[in-house]
Amino acid sequence: SQTIHQWPATLVQPVGSPLSLECTVEGTSNPNLYWYRQAAGRGLQLLFYSVGIGQISSEVPQNLSASRPQDRQFILSSKKLLLSDSGFYLCAWSSRVYEQFFGPGTRLTVL
Amino acid sequence: AQKVTQAQTEISVVEKEDVTLDCVYETRDTTYYLFWYKQPPSGELVFLIRRNSFDEQNEISGRYSWNFQKSTSSFNFTITASQVVDSAVYFCALSEAYDYKLSFGAGTTVTVRA
């Protein structure tokens, strides 16, 4: 069966510090991978998605970037965090156009 | 433009009551997929169901049921005999043919009181 991992689970970072969130998927190959952000009390915003190694599509211009160095690894990064980067970050995977399966998420607080 | 509308922001019911969550979608594609997800207080989104545009059969899974009506572009979700564990935010979502992305509604917060 497939599983998706995210770490860390929670993170508190000062403004201006770098960020690296990692997501890995097990039990499947060549998945589509996604990063979402959910601000407090709000809906889901798609940030990035990837259909293959090194292929990244950005949905929203922002202070963040994503990379996919391996087939089942997806990384969300920032060089300098802003207060507005606070939120709940969710990674998901899917097999082409069908349902997406989500990881446990990372709660990021930028102070 | 928003493709999925969940007009109900919050619903509060007493245990054992039925609750219906509305979802209205908009798409020009003839082939598309509709989904419901549950987000409990822990935060992880849990996939509940996928419906294809060419399959209008309603579906029942335990206390959950879904009513898909293409004529009104709706995909409503009913929880029968609600329980406290059903308290969560529920999201409806849409993906169009050959598009990897999901368009989520704003979500409906369901609170079931004992």
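Chain letters run A, B, ... following the sequence lines, proteins first and then strands; every chain starts at 1.
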Participant: What option among B:Ser42, B:Gly43, B:Gly107 has the most heavy-atom pairs under 4.5 Å with chain A?
Facilitator: B:Gly43
Participant: Among A:Gly105, A:Ser57, A:Ala92, A:Pro104, which residue has the highest count of heavy-atom pairs closer than 4.5 Å to chain B?
Facilitator: A:Pro104
Participant: Does the structure place the NZ or CZ of B:Arg51 under 6.0 Å from the centre of the six-membered ring of B:Phe68, at an angle of no more than 45° from the ring's axis?
Facilitator: no
Participant: Could you tell me if A:Ser50 and A:Arg68 have a donor-acceptor pair between their side chains, going purely by distance under 3.5 Å?
Facilitator: yes
Participant: What part of A:Gln38 lies closer than 4.5 angstrom to a heavy atom of chain B: side chain, backbone, both or neither?
Facilitator: side chain
Participant: Is there a donor-acceptor pair under 3.5 Å between the side chain of A:Thr28 and the backbone N or O of A:Gln2?
Facilitator: no
Participant: What about the rings of B:Phe104 and B:Phe35, do their centers lie closer together than 6.0 Å?
Facilitator: no
Participant: For B:Ser103, is it the side chain, the backbone, both, or neither that has a heavy atom closer than 4.5 Å to a heavy atom of chain A?
Facilitator: neither
